[in-house]
Every structure is written in C-alpha cells, then in structure tokens.
K.L.:
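The structure under discussion is supplied below as structure tokens; questions concerning it will follow.
Just so it is clear, the model here is predicted, and its values are computed rather than measured. This chain uses plain numbering: 1 for the first residue, then up along the sequence.
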Amino acid sequence: MKIRLVNAGVFTPIDDIEETLTAPLEGFYWIDADDEDLELLQPLYNLHDLAVEDCLSEEEQRPKIEIYESHYFIVVNSIRFDDEEIFLRALNVFLGRHFIITVTKQKIHELRVLKPILWEQEVSEPDRFLYHLIDTVVDNYFSVGDRIEARIEKLEEDILMHTKKSHLSEIIGLRSEILWLKKMLGPQKEVINTLNKKDLRLIDDQLQKYFSDIYENAVKISETFETYRDLMGNLREAYQSSIANRANEIMRVFTAITTIFMPLTVITGIYGMNFDNIPETHSQYGYYGVIAVMVTLGCGMLVIFRKKDWL
C-alpha cells in the first residue's frame, strides 16, 4: 500500500495511515492499495461492506457506481491487449471528500501513466483525480482499438494471400473477444454517463461537464467495436470464400488432368486387348508410334487448356 499527499500535482509520501483520516490543509490523500489492505482500510474510512465484498470477489465485476453516505464506490475496467487475447482488469475506486482509494488485484497501466498528468494539470482535488483516471482508461481503449484494427487488416491480408485452417480459429477467437468487450462497454458507458448527469455532491458541478467529453469518447469506442464485429463477420465470409475458391481451383486442375488422360487411357485400352489382328501390333516401330501419338495428344490438349485459361 502506498499513501501520498497530492497537492498541485506534487506527491508527498505519507508513512502514518492515521494522518490521512483528517483532511489536509491543501490537497488530498491518494491511497494505492490491493485487496489485502482493505482489512485495514475498511474500519478507518468506514467503507461499505458491499463495496469491500465486490473488491474481494473473484468473480468478474461489471462497471458500476454505488453512492454511500461518506463515499462513492466506482468500478471501471482497464483494458490490455497482448495480440493474443483481450484482458479487462477491474479498477476499484473509493472517492471521499479528502481522499481517493484505488484498489487493484493486478498492476494497472493507467495508474502509472496518470502521475505526470496530475503533475502537469496541478491536480489538488480527488474528483479531478477521478476525472483524469477515467479519461486515461477510456483513451487506452482507442490505442487497443488501433491494434485490433491492425490485427484484422493483417489477418485479412494473410487470408487473401495464403489461406490456412488456423485462420478460422483466429477469426472466431478474435470475434468472441470483441463481442465480449462490447458487452462490457455498455455498463462502463452508463457509469460515465452517471458521473456526467447525476447530481453528485462529491464531484464539483463544473467538473461534471467534462465527463460528457469522456462519455462521447466511450460512445465512439462502442461504435468502433461494433464496426470491428461486422468486419470479423466479413472476414469469416472472405475465409469461407477463399476456401471454396481454392477447392474449385483444385477440382479444376484435377478435371483437366483427368480429361487429358482420358484419350490416352482409351488408346492404351485398345492396344491392351488380346487380339492378334490389331493394326500395327506386330510393327517394328508400333510401340514408338503409339507413344508419340499419346505424347502429342496430351501436350496438344495441355496447350489448348492453357490458351483457354483452364489451367
């Protein structure tokens, strides 16, 4: 657990947790904790039992906002994409009048990149900290969306150039990830919309207007992932079409080869009959003549097929 006094974007480490129970003259306290620290923090800050239970739960938490008497409990999902799978990590936030507590089970990238933003903006209020945190979380969705789009484009190029059976599992897997992510974006939009429109005493009225900009970005992200879902459907159709075209191409080659060998089979069949009076059977050059006719006939048909673009 790390405790910092944040004033005008400047961080001052605090060693004694008891010091944070009283509002500072300037700034606010940021307590960056994990779920094990809640046993200590809950009685000190009178954190609601249901909120603490949600933080400790192993089940996936949907984004939400709960309003209690002395604090708000907010859950948003941080996103990470490692080119194989999309991960959503719950970021639990307790917002009070003079403090903000962030509780995470894994390291959250947005918390690391938030520090220079707070310093640049000279943040001294916990509600502004919350605004910049959620803004950073939402902005990260755009960067992940760009990487997903690049992945879709590469997958499309690979399918058009050389279709593999493994492409189908990639398409199905990525489409499932996008559908799941879009499903989780709905509640996250509602949380941001609540911060934008609802009368919340712990958030400054002027600051609430800025949440509308974050909400618009959240809507854009949702629409973007809806587009990605449609693209994955188109990609699957392209894969199936490519497989069908490939099968047709193979069948065309096999058909042409079969057609070339049909007259050759007729010739060999005739001269394979056990009759004494077959023309040229006893000729000195009969064998070579038949072979020459067969080669000429096969090559001639091959040339014709090439000119007609059948092969």
K.L.:
Test of understanding: clusters of I, L, V, M, F, W, Y form through side-chain heavy atoms closer than 4.5 Å, transitively. Do Ile100 and Tyr210 belong to the same one?
P.N.:
yes
K.L.:
Looking at side-chain heavy atoms only, is the closest gap between Glu125 and Asp204 below 4.5 Å?
P.N.:
no
K.L.:
Taking atom CZ as the centre, does Arg80 end up with more than 12 heavy-atom neighbours from other residues, nucleotides or ligands that are less than 6.0 angstrom away?
P.N.:
yes
K.L.:
Kindly say whether Leu202 contributes a backbone atom to a donor-acceptor pair with the side chain of Tyr72 at under 3.5 angstrom?
P.N.:
yes
K.L.:
With no hydrogens and no angle check, is any side-chain donor or acceptor of Thr194 less than 3.5 Å from a backbone partner on Glu190?
P.N.:
yes
K.L.:
What's the spacing between Ile192 CD1 and Glu216 CD if we round to 0.5 Å?
P.N.:
11.5 Å
K.L.:
Between Ser124 and Asn7 (side chain of the first, backbone of the second, donor and acceptor by atom type, cut-off under 3.5 Å), is there such a pair?
P.N.:
no
K.L.:
Hey, what do you get for NE2 (His48) to CD (Gln42), rounding to the nearest 0.5 Å?
P.N.:
9.5 Å
K.L.:
Does the side chain of Ile67 reach to within under 4.5 Å of the side chain of Leu200, using non-hydrogen atoms?
P.N.:
yes
K.L.:
Does atom CD (Gln106) have a neighbourhood of more than 12 heavy atoms from anything else shown, all under 6.0 Å?
P.N.:
yes
K.L.:
Should Leu21 and Ile31 be counted in the same cluster of Ile, Leu, Val, Met, Phe, Trp and Tyr side chains packed under 4.5 Å apart?
P.N.:
yes
K.L.:
Which donor-acceptor pairs under 3.5 Å do the side chains of residues 128-140 make with protein atoms, sequence neighbours left out?
P.N.:
residue : atom : partner : partner atom : Å
Arg128  : NH2  : Gln121  : O            : 3.4
Thr136  : OG1  : His132  : O            : 2.7
Asn140  : OD1  : Ser143  : OG           : 3.0
Asn140  : ND2  : Ile79   : O            : 3.0
Asn140  : ND2  : Glu110  : OE2          : 3.0

K.L.:
What's the spacing between Trp30 CH2 and Ile14 CD1 if we round to 0.5 Å?
P.N.:
14.0 Å
K.L.:
Would you sort out whether Thr20 and Phe99 count as a side chain to side chain contact (heavy atoms under 4.5 Å, CB included), showing the intermediate values?
P.N.:
CA-CA 8 Å; Thr20 64; Phe99 67 88; over 6 Å; no
K.L.:
Can you check whether Asn77's main-chain N or O pairs, donor with acceptor, with Gln188's side chain at less than 3.5 Å?
P.N.:
yes
K.L.:
Please assess Glu223 against Val219 for the test side chain to side chain contact (heavy atoms under 4.5 Å, CB included), listing each intermediate value before the final yes or no.
P.N.:
CA-CA 6 Å; Glu223 292 173 349; Val219 172; 3.7 Å; yes
K.L.:
Got Thr227 and Glu149 here, is their nearest side-chain heavy-atom distance under 4.5 Å?
P.N.:
no
K.L.:
Do Lys189 and Asn193 have side chains that approach each other closer than 4.5 Å (heavy atoms only, starting at C-beta)?
P.N.:
no
K.L.:
With side chains defined as the heavy atoms from C-beta onward, is the minimum distance between His98 and Pro126 less than 4.5 Å?
P.N.:
no
K.L.:
For the hydrophobic clusters of this structure (ILVMFWY residues joined by side-chain heavy atoms under 4.5 Å, transitively), does one cluster hold both Val93 and Leu50?
P.N.:
no
K.L.:
Are Leu41 and Ile108 in one and the same hydrophobic cluster, where Ile, Leu, Val, Met, Phe, Trp and Tyr link if side-chain heavy atoms are under 4.5 Å apart?
P.N.:
no
K.L.:
For the atom pair CG (Leu47) and OH (Tyr68), what is the distance rounded to the nearest 0.5 Å?
P.N.:
10.0 Å
K.L.:
Considering only heavy atoms from C-beta outward, does the side chain of Glu39 approach that of Glu36 to under 4.5 Å?
P.N.:
no
K.L.:
Parallel, tilted or perpendicular, judged at 30° and 60°: which one describes the rings of Phe225 and Tyr141?
P.N.:
perpendicular
K.L.:
Output the distance between atom CG (Asp205) and atom CD1 (Ile203), rounded to the nearest 0.5 Å.
P.N.:
10.0 Å
K.L.:
In the single-linkage hydrophobic clustering (I, L, V, M, F, W, Y; side-chain heavy atoms under 4.5 Å), do Leu95 and Tyr29 co-cluster?
P.N.:
no
K.L.:
Which atoms form the tightest heavy-atom contact between Asp37 and Met1, and what is the distance?
P.N.:
OD2-CB, 3.3 Å
K.L.:
Between Phe94 and Tyr45, is a ring pair (Phe, Tyr, Trp, His ring centres under 6.0 Å) present by the stated rule, with each step listed?
P.N.:
CA-CA 10 Å; Phe94 293 91; Tyr45 286 93; 9.2 Å; no
K.L.:
Evaluate whether atom CH2 of Trp119 has more than 12 neighbouring non-hydrogen atoms of other residues, nucleotides or ligands under 6.0 angstrom away.
P.N.:
no
K.L.:
Would you call Arg229 and Glu226 a salt bridge, taking side-chain N to carboxylate O under 4.0 Å as the test?
P.N.:
yes
K.L.:
How long is the span from the CG atom in Leu44 to the CD1 atom in Ile17, to the nearest 0.5 Å?
P.N.:
6.0 Å
